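Every value quoted in this text rests on a predicted model; they were computed, and no experiment measured them. Chain A is the first sequence line, chain B the second, and so forth, proteins listed ahead of strands; every chain is numbered from 1.
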Amino acid sequence: MKIFFKYVLRTMLEKKARLVLFLFAFTLSTALFFASIGLTDLIVDSVSRPIVEKTEGNHMRIVPEAGDAFFDMDGIRLAGIESYTGTIVLSGVVQNMDYQTAAIQGRKYDSLSAFTFANSPGADDFTGPKAIVSSRTAGLFSLETGDRIDVLFAGQTHSLEIVGIASNEGLFYGDTNRNFEVVIPYDYVGETLGVEGLYNHVSAVKSDDTLAASIALFNEMNDDFRAVELYNADLVASMANQQVNALMLMLVFIVLVSGIIVYGAFKLIATERRRVIGTFLSQGATKGTIRRILMAEGFVYGLLGAILGVLLGVGILYALNDYSSPLRAYGVVEPFRFDPMLIVYAALFSIGFAMVSALVPVWRSARREVKDIILDIREPDKKKGNLTFVIGILLLSGSALLSYALPTVAIDVAPLLMLLAIVGVLMVYPHVLNVLVLLFFRRILPIFRLTALSVQNVRTSTALRGNISVIIIAAISVVTVVSLSTSLVRTVTDAFDSMRFDIYVSDIQTNDPESRETIMSALRGDHRIVTESIMETTYVEGNVNGEFAVAEGIDPALFDDFTAYINFADDEGSMLDALKDPAARNTVIASTTANRLNLDVGSAVELDINGIVRTYNVTGIVDVRLWNSRDMFFINLANLREDHHIDHGRIYFDTYEDPEGFAGELQDFFRGYGGVVQTRDEARDINIENNRQFSRLLSAFSLFAIVIGSFGALNNMFISYLQRKRDFAVLESLGTQRGQRNRILLAESLFCVVFALLVVVLYGSFHARLVGQVSSFILLPMDIRFSLVVMLPFLLASIAIYALATLPLLIKTKELDVIEEMKME
Amino acid sequence: MKTQTHAENPCIKVEGLKKNFINGDVEVEVLKGLDFSIDSGEFVSIMGPSGSGKSTLLYLLGALDSPTAGTVWMNGMDLSVMKARDKSRLRRRELGFVFQFYNLVPNLTVEENILLPIILDGRPLKEYQDKLEELLRVIGLEDRRTHTPQKLSGGQQQRVAIARALIFNPKVLLLDEPTGNLDSKNSESLMKLVADINRDYRTTVVQVTHSDKYATWGNRVIHLEDGVLKA
Ligand SMILES: Nc1ncnc2c1ncn2[C@@H]1O[C@H](COP(=O)(O)OP(=O)(O)OP(=O)(O)O)[C@@H](O)[C@H]1O
Ligand SMILES: [Mg+2]
């Protein structure tokens with residue numbers, strides 16, 4: 001077998017340009033595979049890391065059954081928990097630090113061991129008006145130990161001496177200049193509030209292996225306390241899922257593009273080698289021998305591609321890591337790492353990909369006579385072509401039928417539907433091209449001469465047809481991303497336009513009836529505010545039977561009128577009418593929630609919020625579109641306050657003044673409560689910006705698709721040129737000039753692009769519909785439209801890119817050794 | 001070795017052999033039912049006008065193609081019921097085939113091309129070293145042994161192809177116009193080589209030729225015209 005390996009290596013090295021192109025194709029697709037899988041881990045990490053870090057190794061929260069805000073730990077039984085830490089958590093404002101909101105943590109000295117200090121404060125230092133901040137906060141506000149900060153909490157301003165600067169781990173991990181932690185001695189906070197010996201936040205470390213078992217054990221053994229999860233892993237995962245799903249969608253495009261490139265290239269090589277394969281067979285080689293030889297070749301390409309691809313992939317991932325780090329603005333980049341198994345996956349991907357692509361042509365010729373293979377007699381493929389066309393039409397019309405006639409079913413299988421439709425397009429267009437050329441170009445052939453020759457070439461050359469496929473997929477991925485991101489912006493704008501408010505206050509940190517009353521009466525008494533427009537909502541996380549759930553407390557009398565965005569109308573008026581009586585404990589739920597938790601109108605749910613469980617009746621299901629997290633139980637605000645002791649919330653209202661100036665004034669008032677005041681325009685822009693980061697990531701991937709696509713186009717053009725070198729040599733020997741040859745090549749590539757884009761434009765509207773259904777599938781439901789005007793610049797840019805991709809071909813092919821090429825092998 | 005009486009057990013036996021090709025919508029009958037047999041050790045020449053189906057017939061004898069109807073027996077074995085694997089082994093060990101257009105493997109050297117059937121069979125190359133030397137000398141390409149086929153002339157490639165067909169001492173040697181691309185001197189020495197092999201090893205030889213002169217080197221001529229045998 002040594003000689004075969006030698007043969008394989010010689011074959012690979014025979015045409016250097018092709019070797020490079022091949023390696024490039026494998027390297028790039030492997031790198032992108034590696035990077036996108038790695039990126040999904042990074043995204044999940046970037047979402048969960050700040051949450052997990054903040055728990056400081058704790059797993060659950062302990063709340064008193066009585067529901068008091070402040071409570072002591074008398075009578076707690078250490079069952080299911082190893083230890084617990086009691087703190088007082090408040091919000092405050094640091095007056096000499098731009099009036100920034102801070103989270104105040106009243107902590108005992110022994111709990112400071114969780115932090116890392118350059119100079120640890122001693123036990124004596126940590127009593128009285130002292131404070132610890134993180135090194136990031138210290139850096140942002142130029143603080144050193146010994147400096148004083150003035151912090152407003154519990155209605156008073158306290159001048160606190162900084163006695164320690166901790167590194168940004170654990171509690172301090174997520175500190176930003178808008179929100180950071182200040183740790184103050186417990187005794188001092190307790191004294192100020194008059195709650196010595198009491199806590200309002202107690203977290204604990206589980207003792208059993210599983211969290212559920214620990215919680216169950218604790219709750220069984222304790223009558224006065226209940227344990228709840230500190231954070232919900234499902235919630236964290238679902239936050240990351242959307243982005244991961246969208247990334248996977250882009251990965252499909254990339255794999256599709258590179259798959260076609262690689263497969264096409266191997267198929268061409270196989271065609272080129274058909275005579276050699278036939279020769280081997282005629283000398284008594286079995287099909288197995290041939291398979292082994294080709295597999296060896298595929299393996300070598302795949303292995304080299306894996307090595308180079310992983311190296312490049314690490315580089316791409318490194319760059320994306322920087323890009324996806326949540327605290328990047330503060331110079332904090334997540335430590336770069338990836339699962340070592342990823343290398344194995346990438347290698348399997350590359351090698352498997354290469355070996356399968358190398359084998360396909362052998363499978364295709366499995367049942368053919370040796371003579372036909374060796375004489376390179378083409379199978380009569382007319383019938384096969386028709387079959388492909390028919391299957392393609394079936395795929396397209398099938399997916400169209402499902403998409404239009406059964407939209408709900410279509411959403412459940414949307415990504416598959418989209419894939420099938422694209423495959424359908426790829427199967428149908430060659431036939432259309434054929435008919436078009438035969439009907440149309442035949443007639444104008446004498447006028448166009450060389451160009452017509454190019455068009456004929458495109459029709460008959462598999463390589464150039466592969467080109468069209470590649471461009472179609474790359475262009476479709478661009479259409480997908482552009483329509484997704486424009487729709488995202490439009491959807492957010494529409495949502496805000498359909499809400500009736502001028503000013504919006506969020507992030508209010510206080511959670512007691514008194515503060516709430518103070519705020520509300522101040523607003524009601526302000527003559528600049530339209531009193532009857534003031535509306536509160538509250539948004540809290542909880543759970544239902546162990547599944548995470550979000551409750552949105554609303555005022556049923558006002559909410560319907562407030563947002564035209566959600567349509568609560570039902571036969572009798574509004575679904576929200578059922579919520580008007582808090583004693584009835586009714587809830588209207590989002591359709592997403594209904595699907596996820598398998599609930600229906602009439603179901604009863606045990607809603608656990610703030611550790612307090614109450615039973616609610618589902619009286620309505622509503623499509624909330626993109627409202628908040630799209631997944632919630634609407635309940636009466638009064639229920640949240642009285643039953644679950646949740647008082648903080650968001651406030652919306654109209655003003656008689658200019659919203660911008662007024663919002664600035666109000667911000668001073670709300671600072672003491674941690675509230676953030678935004679005008680409608682600001683709120684909308686922030687929302688758009690948040691989504692934009694995500695669409696930028698998608699754009700990066702569609703850029704990959706274009707780059708790999710244009711590279712693939714060049715690759716295909718090269719290969720198809722190498723394939724036809726002999727033909728060109730014959731043309732040349734008959735007197736064709738180099739300029740004419742270049743015109744043929746250029747016309748070929750332009751024709752490919754123009755035809756591909758034509759296909760995409762024709763398919764665009766249906767594709768936009770499918771993207772819309774995919775967006776519903778990934779729980780980001782949007783109404784997606786295909787706009788030629790929006791697409792035009794992108795499509796023109798692709799034409800330019802592909803035209804550019806031809807240039808290296810023209811330069812490279814300057815020299816053509818006619819004798820060498822025409823010589824029989 | 002089992003001796004065979006010619007009449008009872010011919011080396012090649014062809015019965016009702018038909019081959020049609022489908023060209024677009026028309027079916028062309030190329031071989032219209034041939035019956036003949038060739039005894040072990042015979043040297044037969046097939047002659048006929050261009051396009052009469054000579055190559056087609058040879059491919060069928062060489063187990064490289066399947067007939068539309070009829071049977072080919074090779075050493076008593078019915079090719080039409082043979083498994084692909086067994087056909088491969090047959091091609092490797094018992095048949096030598098020389099194509100009209102050489103069909104050498106481009107990236108292998110002259111030596112490696114000649115040894116290809118041995119390599120494919122997985123036999124130790126050492127055992128065939130003497131045979132290789134002999135063949136290289138006979139085809140006059142001893143100094144070209146490490147060249148790849150691209151660097152050889154048409155006639156030289158033809159000779160490599162013949163050496164390849166002979167390396168395994170096949171029972172049957174099938175040649176499709178072996179002298180088609182050679183000058184008269186080379187043609188002469190090639191025919192002599194084939195005749196020697198036929199005589200020395202009792203190898204059955206079937207050659208397609210256009211040359212009356214070389215046809216007479218054999219002991220029998222089969223005339224093919226319009227897909228049927230002419231007496
Ligand atoms: N795969 C094929 N498909 C269609 N027709 C074929 C095929 N192979 C051979 N033919 C036809 O069969 C006939 C016989 O071809 P063949 O090659 O056997 O002729 P030949 O006698 O060897 O001619 P030559 O002396 O020119 O080599 C020809 O008419 C040829 O066109
Ligand atoms: Mg012939």
Side-chain angles (χ1 to χ4, degrees), chain A residues 1-15 18-19 269 272-293 297 362 365-383 726 817 819-825, chain B residues 21-25 55-56 58-60 62-66 83-109 111-113 115-122 125 148-154 157 161 164-165 167-168 170 174 181:
Chain A
M1 281 291 128
K2 209 180 84 197
I3 182 162
F4 288 129
F5 201 67
K6 228 159 73 186
Y7 167 72
V8 166
L9 285 183
R10 268 188 230 149
T11 315
M12 286 173 68
L13 292 171
E14 168 195 26
K15 285 171 179 161
R18 188 171 66 193
L19 175 72
I269 286 200
E272 200 176 77
R273 274 196 216 142
R274 205 171 291 155
R275 289 181 67 110
V276 180
I277 292 177
T279 304
F280 270 109
L281 290 173
S282 76
Q283 297 308 310
T286 57
K287 297 251 156 87
T289 318
I290 305 292
R291 251 195 304 265
R292 278 195 296 277
I293 295 176
E297 179 168 7
V362 198
S365 62
R367 258 177 282 115
R368 306 194 55 204
E369 297 292 345
V370 177
K371 181 204 114 192
D372 290 341
I373 299 171
I374 199 165
L375 296 181
D376 200 6
I377 292 165
R378 297 272 165 130
E379 262 175 300
D381 59 2
K382 199 166 164 249
K383 223 190 274 167
R726 249 182 77 94
D817 189 335
I819 312 283
E820 190 58 39
E821 292 308 328
M822 287 181 60
K823 207 169 141 187
M824 259 295 210
E825 67 260 31
Chain B
F21 287 112
I22 296 160
N23 257 341
D25 295 330
S55 296
T56 305
L58 212 61
Y59 287 132
L60 291 170
L64 296 169
D65 201 358
S66 307
K83 290 202 195 92
R85 261 188 157 315
D86 298 330
K87 274 195 198 172
S88 290
R89 192 184 312 115
L90 181 80
R91 284 197 291 267
R92 227 157 45 219
R93 298 185 183 168
E94 298 182 22
L95 295 176
F97 202 106
V98 178
F99 293 91
Q100 199 167 355
F101 300 108
Y102 345 124
N103 285 315
L104 301 176
V105 180
N107 283 308
L108 295 182
T109 62
E111 251 175 359
E112 288 161 347
N113 262 293
L115 289 168
L116 193 59
I118 312 290
I119 296 165
L120 288 168
D121 206 58
L125 296 182
T148 49
Q150 290 96 319
K151 295 185 184 132
L152 303 180
S153 75
Q157 290 188 47
R164 179 178 66 185
I167 188 78
F168 229 127
L174 304 168
N181 292 289

**Asked** What closest approach, in Å, do A:Ala285 and B:Ser88 show between heavy atoms, and which atom pair accounts for it?
**Response** O-OG, 3.4 Å
**Prompt:** Which one of B:Leu104, B:Val105, B:Asn113 satisfies the side-chain contact (heavy atoms from CB on, under 4.5 Å) criterion with A:Thr279?
**Reply:** B:Val105
**Message:** B:Arg85: which residues meet the salt bridge (Lys or Arg N to Asp or Glu O under 4.0 Å) condition with it, sequence neighbours left out?
**Reply:** none
**Request:** Drop me the distance from B:Leu120's CG to A:Ile290's CD1, to the nearest 0.5 angstrom.
**Result:** 7.5 Å
**Request:** Find the distance between OG1 (A:Thr286) and CZ (B:Arg91) and round it off to the nearest 0.5 Å.
**Result:** 9.5 Å
**Message:** How long is the straight-line distance from CD of A:Gln283 back to CG of B:Asp121, given to the nearest 0.5 Å?
**Reply:** 12.0 Å
**Complete:** Counting heavy-atom pairs under 4.5 angstrom with chain A, the leader among B:Phe168, B:Phe99, B:Phe97 is B:Phe99
**Request:** Name the region of B:Thr148, side chain, backbone, both or neither, that has any atom closer than 4.5 Å to a heavy atom of chain A.
**Result:** neither
**Asked** Got a second to check how far B:Leu174's CG is from A:Ser282's OG, nearest 0.5 Å?
**Response** 11.5 Å
